[in-house]
Every structure is written in structure tokens, then in C-alpha cells.
Amino acid sequence: MSLLIKNGTIVNDDAMFKSDVLVHDGKIVEIAPSIDPTPGLEVVDATDRFVIPGGIDPHTHMQLPFMGEVAKDDFHRGTEAAVAGGTTMIIDFVIPTKGESLLVAYDRWRGWADPKVVCDYGLSMAITSWGQEIAKEMEMVTKADYGINSFKFFLAYAGVFMVRDEEFYQGMLQCAKLRALARVHAENGAVIAERCEHLLSSGITGPEGHTQSRPEELEAEATFRACTMASQANCPLYVVHVMSKGAAAAIAHHRKKGAVVFGEPIAAGLATDGSHYYNEDWLHAARYVMSPPLSRDPSTPNALMKLLAAGELHLTATDNCTFDCHQKSLGKDDFTKIPNGVNGVEDRMSVVWDKGVHAGIIDPMKFVAVTSTMAAKIFNCYPRKGRIAVGSDADIVVWNANATRTISKDTHHHAIDFNIFEGMQVHGVPETTICRGRIVWADGQLRTVQGAGRFVPLPPDSQIVFSAVDNRGKALEPVKVERAPYVATTLEAPDANANIVVKTRSAVPPGGISSIQF
Ligand SMILES: NC(=O)NCCC(=O)O
Ligand SMILES: [Zn+2]
Ligand SMILES: [Zn+2]
């Protein structure tokens, strides 16, 4: 099957240029200023349009069983929403229940996803309990047969997914050994659990309790702690859903010291804020419940976009984990029972274009970097994904920067009955989405086939993640002082008139001087 995209402007993360693109058998086979269409070739006219690498959303939870419910967007509806929004690959999370084998959970996720996905997908693995068996299974799933190259640790959701600091630290040591990336949901779960109890007993049962139980400094503290521990383990770290300025500042602080840390803001956090939790309509407020919560500071979304522009945050995702109004209403008497999660996979590309490029904060190349290329590099599938280049998969979006659309539950492709971006008018519209050479979205219509997407195994040892780690490791190696064997000498009786000299230790201890200067 062949396809010719004519007259467009190709945008990669490092260059923009006018060229035609020829696709054959799912790959890009030629890029040239003018390619003549041969008879029978399907031609897509991209005049006055950008031709960009399909979006990669590195953080979704399709059909996740969570808080007694199952997320409504399954791998079919969720990936349909993705391609309608210009995303051609997702990375979802296998989340074993506590104590469950990683291999068993992995098979379950593949069983759910493989027959349903309409675009390509990869998997990340959550570590929800710790022990030698889990460490062994981590090693197994990083092999090519399984294709996992990142592990996520939750520092929140006490009693469900949360791991203790020592488990997180040992998990990161194992990640470093396997050359896999550690990912973290950074919030102080223990304090949150205490605050929830206190708020409920004070009579605060509505969604405003959700945000009050999780003040931003609990995200900032956990982010700082996670970065510190990753630095001690010499393990690269990826902080998922960075929702606050404090969390972003913690990442920047550690990066300035040379740590390999990546920060991922999400569409929800870039486009809306936590004022919704105080809405007098209970259901309206409940729709926005996710963790960490949307920031109560209305200047946060814009600040996070500027940090992407400055390179202090690195890529965007969605954390798409959708529950409908009925599911949200299960927490009507107790905010801790409102299933956590929001939509985003369909609207991320337009939201980032609108709030980023249209707003004059980032350019189209940076847009491609933060919606696609960085994810491909970090998760080690670049340049197969994340680039318009000969030999790359033909995951391509024809993007109309001049068009606008109004986001609505009435037109979206999610399986839920509301949209957190309802009524938002956004500039930047995906007109045609191509997944490995097949048009799956055009003229406002889906042309998908269930199960046509492929699992993309992600190998460990990503260059952008690990190339700095070895030299850092050498610098952090424990220091040993070589000395002649100690020989005990007979103590003479002290001279009563001698001065007593107290010697102080001046050597820098292994691990360096304390860095707690924040
Ligand atoms: N974020 C959220 O509220 N739900 C999905 C699970 C997670 O990523 O924490
Ligand atoms: Zn999370
Ligand atoms: Zn998540």
C-alpha cells in the first residue's frame, strides 16, 4: 500500500522544510521537494499544512481497574480517541496488584490491548510490591520478548499501589542495573492518607476535599525526595504528571546538579486548573478529580508551558484514565471514593499547539519535540518513531495550524459523557492521521480497524537516558583510603602539663558533602 503526501511543510524537532513524502508498506521511503504521483497512488494534499510525526502519548491507562471501577476508555475507544487527535502511539502501564507476578499482569495487559488497539502501543510496568522475585521478573520483562524498558513507582495511593522509600530505592538500583528508566508518581501518600481522614472527620466530603488533602507541597516534597533518591541510586528518573511549579522546581534543582531527570506535564495541567474543585455543582467538581490534583494557582498552566519552552520540562503526556459521571458519582458522600483520572489523549495535541505554539511560547519544532520526538528518544524507539525520515514508520499527521475546533463531549471519541476541556476553542487541528502507512482519520471520520495497531517492544539502554550515567557512576563511587595496617602502641602516662589537642575530621565523606541547601 502506497501513499503520497504532497506540498506540505515537514516539521521535525530540529528542522522545517517543504517536501513531499512517499510512503510504502508502512514506512517512509522517499522525501524529496517534488515526487510525481504514479497511477493508483493515493495522494494527500498538504498544501499550507504541516506534516508532523504522529504524537506519542507516553502515559495512558486504558481500561485500568482502579478504585473499584474500570476506566471507560478501553484500548479500542482510547486509541480511536488518540488517532482522532493526531496521536499514533501510546505507552500504557501494566499495573500488577500488590504481590502479583509481573509476568501474569503483563499477559493480562497484552490480552486486553492486542486485539483492540487501532494504533501502535508500548508498555511500561508499575512496581507495586518488592522482593527478590519481583527483581528477577524485572530482569525478565526487559528482554526483547517482553519489551519493557521503564518501571513506575507510586509514592501515593497508600495500601493500593504505593511502595515504601526503601522499596523505591531498591527498585531504582535494579532499574539502573537493567538500564531501564525509573518513573515515579510523586506525592507524599502517607501524609495524604492522614489529611483525608482529618478532612472527612471535619465534614468536608465534597471534591474540594480532594485538593485540600493533597496540597502542592506534598507533590514538591515527594518530587524532591524521588530525585534525591534517584541520584543516590545513580538511576535516571522520569517524573510523571508534573502538576505544580514546586515539583518542576525540584526537577530543575536536581538537573542543575547533573542528575538525569525528565519531567512530564500533562494536557490537563497545561490547559486547566484546580478552581473547578470549588465549583458548587458537585458533579462538575468531581469530573476534575485526579492525582496529583490540578493546581490551585491559575498561573501554573502557563508556567508549565514556559518550562517546556525552556527545556526544564521535557515532554507532554495525558495520564488518560477516564471515568464517566456515574462512576464519579460513587464518591458523592466521600471524596476519597471518586475514581481518580481525567481525559486527554484526544485533545493533547491541539491543547499543546494552542497554549504553546499559537500562544507564542514554543515553535512548531519544539511542539514536535514535546509531543513526539522526546518520547521516542526516552523510550528508545527513535528514529523508528518520532521523526519524518526515510526508514521511519509512516506515523504521520497532516496538521492545519490555521483551523480551530471547539472541544466537546458531543463530538469527542472518548467513552465518557463529559470532557474536562468542554467548550475550549483550540487552534491546530489534525486533519489526517496516518498509522504505519494507513489513513485512520480523515475528513473528521475514523477509518480504523480494531487490532490493526502493533505492540512496539521498547529495548533498554536508551541513549538519551543512559549515556550520562556511567561517568556519573564513576564520580559517585565509594572512596576508600589505603593505609598501612594499624599498629597499636603502648600508651605512656600523659604529662599532666601537656596541652590537649582535639583533632577534627576534615575529609569529605563518601557520597559528597550534604546537598540539602534547597
Ligand atoms: N492520575 C490519576 O488520577 N489517575 C490515574 C492513576 C495515576 O496515574 O495516578
Ligand atoms: Zn499517577
Ligand atoms: Zn498515570
Side-chain angles (χ1 to χ4, degrees), residues 57-74 78 90-98 109 121-128 150-163 168 181-189 192-193 196 207 209-211 213-214 216 218-219 222-223 226 237-244 247 262-270 272 274 276-277 285-295 315-324 327-328 330-331 335-345 348 375 379 414 416 420:
D57 184 343
H59 182 169
T60 66
H61 301 285
M62 303 307 176
Q63 63 190 86
L64 175 69
F66 187 40
M67 298 181 73
E69 292 296 306
V70 175
K72 278 283 166 190
D73 284 335
D74 66 2
I90 61 166
I91 300 178
D92 205 86
F93 290 87
V94 177
I95 309 189
T97 52
K98 264 196 188 296
W109 252 262
Y121 80 104
L123 288 172
S124 192
M125 171 75 75
I127 300 299
T128 55
S150 63
F151 295 94
K152 178 179 177 184
F153 300 84
F154 289 91
L155 304 185
Y157 307 130
V160 186
F161 296 150
M162 189 167 110
V163 288
F168 177 38
L181 178 62
R183 305 176 80 183
V184 67
H185 171 134
E187 285 184 295
N188 189 318
I192 288 166
C196 285
H210 178 71
T211 181
S213 71
R214 310 173 102 99
E216 289 192 10
L218 295 186
E219 186 195 356
T223 306
L237 184 67
Y238 177 119
V239 184
V240 300
H241 47 44
V242 176
M243 303 298 282
S244 63
F262 302 98
E264 168 210 90
I266 62 170
L270 289 164
T272 186
H276 295 287
Y277 299 123
R287 287 172 182 148
Y288 294 83
V289 167
M290 68 157 299
S291 297
L294 293 159
S295 172
L315 73 171
T316 62
T318 62
D319 196 10
N320 194 90
C321 185
T322 55
F323 298 98
D324 65 13
Q327 291 173 309
K328 292 277 183 186
L330 298 173
F335 67 85
T336 65
K337 296 195 165 56
I338 302 170
N340 283 205
V342 296
N343 61 284
V345 77
R348 176 183 66 128
F379 294 97
H414 291 282
I416 52 167
I420 59 161

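Order of listing sets the numbers, starting from 1, for every ligand and every atom in it. Note that this is a predicted model, so its numbers are computed, not measured.
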Does Lys152 have a heavy atom less than 4.0 Å from any atom of ligand 1?
yes
Name whichever N, O or S atom of Asp319 ends up nearest to the Zn ion (ligand 3).
OD1
Which atoms of ligand 1 sit under 4.0 Å from any heavy atom of [X]?
{"X": "Met290", "answer": "1 (N), 3 (O)"}
{"X": "His185", "answer": "9 (O)"}
{"X": "His61", "answer": "5 (C), 6 (C), 7 (C), 8 (O)"}
{"X": "His59", "answer": "8 (O)"}
{"X": "Gly341", "answer": "3 (O), 4 (N)"}

With distance as the sole criterion, is a donor-acceptor pair present between the side chains of Thr322 and Asn343 under 3.5 Å?
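No - no donor-acceptor pair under 3.5 Å links their side chains.
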Geometric class of the Phe161/Tyr157 ring pair [parallel <30°, tilted 30-60°, perpendicular >60°]:
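The arrangement is perpendicular - the two ring planes meet at more than 60°.
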Begin from the C-alpha positions of His241 and His185 and carry the test side-chain hydrogen bond (donor to acceptor under 3.5 Å, both in side chains) through to its verdict.
CA-CA 7 Å; His241 47 44; His185 171 134; 3.0 Å; yes
Main chain of [Y], side chain of [X]: is a donor-acceptor contact present, judged purely on distance under 3.5 Å?
{"X": "Asp57", "Y": "Val345", "answer": "no"}
{"X": "Thr223", "Y": "Glu219", "answer": "yes"}
{"X": "Arg348", "Y": "Thr316", "answer": "yes"}

Which value, rounded to the nearest 0.5 Å, describes the distance between Leu294 atom CG and His276 atom NE2?
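The CG atom of Leu294 sits 7.5 Å away from the NE2 atom of His276.
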Flag the pair Glu187 and Arg214 as a salt bridge only when some basic side-chain nitrogen lies within less than 4.0 angstrom of an acidic carboxylate oxygen.
yes
Residue-level breakdown please: for Asp319 versus ligand 1, do any non-hydrogen atoms fall below 4.0 Å on the side chain, on the backbone, on both, or on neither?
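Within the 4.0 Å criterion, Asp319 contacts ligand 1 through side-chain atoms alone.
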Considering only N, O or S atoms of His185, the one closest to the Zn ion (ligand 2)
ND1
Among Phe323, Tyr157, Phe66, which one puts a heavy atom closest to atom 7 (C) of ligand 1?
Tyr157
Name the closest protein heavy atom to atom 3 (O) of ligand 1, giving the residue it belongs to and the distance to 0.1 Å.
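Its nearest protein heavy-atom neighbour is Ser291 N, 2.8 Å.
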Provide, to 0.1 Å, the distance between atom 4 (N) of ligand 1 and the closest protein heavy atom, together with that atom's residue and name.
Asn340 O, 3.2 Å
Is the terminal nitrogen or CZ of Lys152 (NZ for Lys, CZ for Arg) located under 6.0 angstrom from the six-membered ring centre of Phe93 and within 45° of that ring's axis?
yes
The NE2(His59)-the Zn ion (ligand 3)-NE2(His61) angle, to 10°, is 110°
